[in-house]
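In each ligand, atom 1 is the first atom listed, and ligand 1 is the first ligand listed. Note: hydrogens, waters and symmetry copies are ignored here, and every other heavy atom, side chains too, is used.
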Amino acid sequence: MRESLLAGAGHGSLSPVLRQVAEGVLIHESEFCQSNAVVVHGRAGVLLIDPGVHGSEMAALANDLRELGQPVVAGFSTHPHWDHLLWHAGLGAAPRYGTARCADIARVLLSGAGWQARIAGWIPPDIAEQVPLDLLGLIAGLPAEMARIPWDGPQVRIIEHQAHAAGHAALLIEERGVLVAGDMLSDALIPMLDVNETADPIEDYLAALRLIEGVAGDVDVLVPGHGSIGGADQVRARIDQDRAYVHALRDAHVLSDPRAGPSATLDWMPGVHERQLQQIARRSERDAAPG
Ligand SMILES: [Zn+2]
C-alpha cells in the first residue's frame with residue numbers, strides 16, 4: 001500500500017506534496033491511513049483543514065505553502081479525534097477552528113496532568129514518535145449559529161452533526177463543489193460509530209447521512225478524511241454504502257461490505273466491525289432490559 005501511495009503522490013501536482021482536486025482546492029494524502037489534508041486558496045492565503053499526521057509531512061506541506069507564497073490564514077479540524085487535531089509550528093499561528101462542541105471536547109482532552117500520555121495511547125505505536133503532540137487541539141470553537149468558516153476566501157459551509165464523533169463537521173466549499181466529509185463517506189473506512197458517547201449512535205449516523213444527502217447535488221468532488229477522492233458519481237454511492245452498513249449493524253444482518261471484508265484496504269477494519277457489532281448488540285440488550 002505504501003508504494004502505491006507514494007507513486008500517486010506527485011500526480012497532477014503544483015508542488016511536491018500537493019495535488020489539485022478542484023479549482024483552488026488541493027489535498028495532501030498522508031501515509032497514515034490515507035488521511036487527506038485539504039488546502040483551500042483564499043485571497044491572502046490558505047485555509048488548511050485537518051493538516052495531517054506525521055510531523056515530517058506537515059513540515060513538507062508548510063514548506064510547499066511557503067514556496068508558493070501562500071501563508072496559512074486559518075485552520076479547521078473536522079472533529080475532535082487526535083488525527084484531525086494536529087498542527088506543526090511551520091504552519092504558523094493562524095486561528096484554528098472547529099465547531100464549539102469539537103473545541104469543548106479538545107479542551108477536555110488537553111486538561112489535567114498526563115494528557116500527552118493519554119493521547120499517545122490512541123496512536124499506533126509504530127508511528128507515535130513521528131506524531132508531534134505539542135500543538136494538538138488548540139482550536140477555537142465557532143458558535144453553532146455560525147454557518148460558515150470566518151475567513152477571506154471561498155465560502156465554506158459548516159454542516160455539523162454527531163456521527164462518528166460529537167461536534168463533527170462536514171464542510172461544503174460551495175463555489176468549488178467540494179465536500180470535505182471528515183470521517184464519513186470513505187472507500188477505506190466503514191462508518192465508525194461513536195458508540196459510547198451518545199444516546200443513539202445509529203440514529204445519529206443516519207441523521208448525518210441525511211444532512212449530507214441534502215447537499216449531495218451540489219458536490220462534484222468528495223474528499224473523505226481517509227481514503228480516495230470521489231467524483232460526483234461517488235457521492236450518492238458512498239452515502240448509500242454507509243447507510244447500508246449502518247442498517248446492517250442495526251439489524252444484525254450479514255454484512256457484505258468490501259471495506260470490512262477479506263480484501264479490506266485497512267487490515268484492521270474487519271476487527272472494528274466485529275467490535276461494533278458486539279457494542280450495538282450489548283446496547284440493545286441493555287435497552288430491552290426491564291427497569
Ligand atoms: Zn480520522
Q. Ignoring hydrogens and geometry, is there a side-chain-to-backbone donor-acceptor pair from D242 to M184 under 3.5 Å?
A. no
Q. Does the ring-ring contact (aromatic ring centres under 6.0 Å, His included) test come out yes or no for H253 and H247, once each step is laid out?
A. CA-CA 8 Å; H253 284 161; H247 284 166; 9.2 Å; no
Q) For the residue pair C102 and S77, what are the closest heavy atoms and their distance? A) SG-O, 4.1 Å
Q. Do E29 and R19 meet the salt-bridge criterion of a basic N to acidic O distance under 4.0 Å?
A. no
Q. Do you know which two heavy atoms are closest between H28 and V17, and how far apart they sit?
A. CD2-O, 3.2 Å
Q.
Closer than 2.8 Å to the Zn ion (ligand 1), what protein N/O/S atoms do you find?
A. D83 OD2, H84 NE2, D183 OD2, H226 NE2
Q. Does the distance from a Lys or Arg side-chain N to an Asp or Glu carboxylate O, for R107 and D104, drop under 4.0 Å?
A. yes
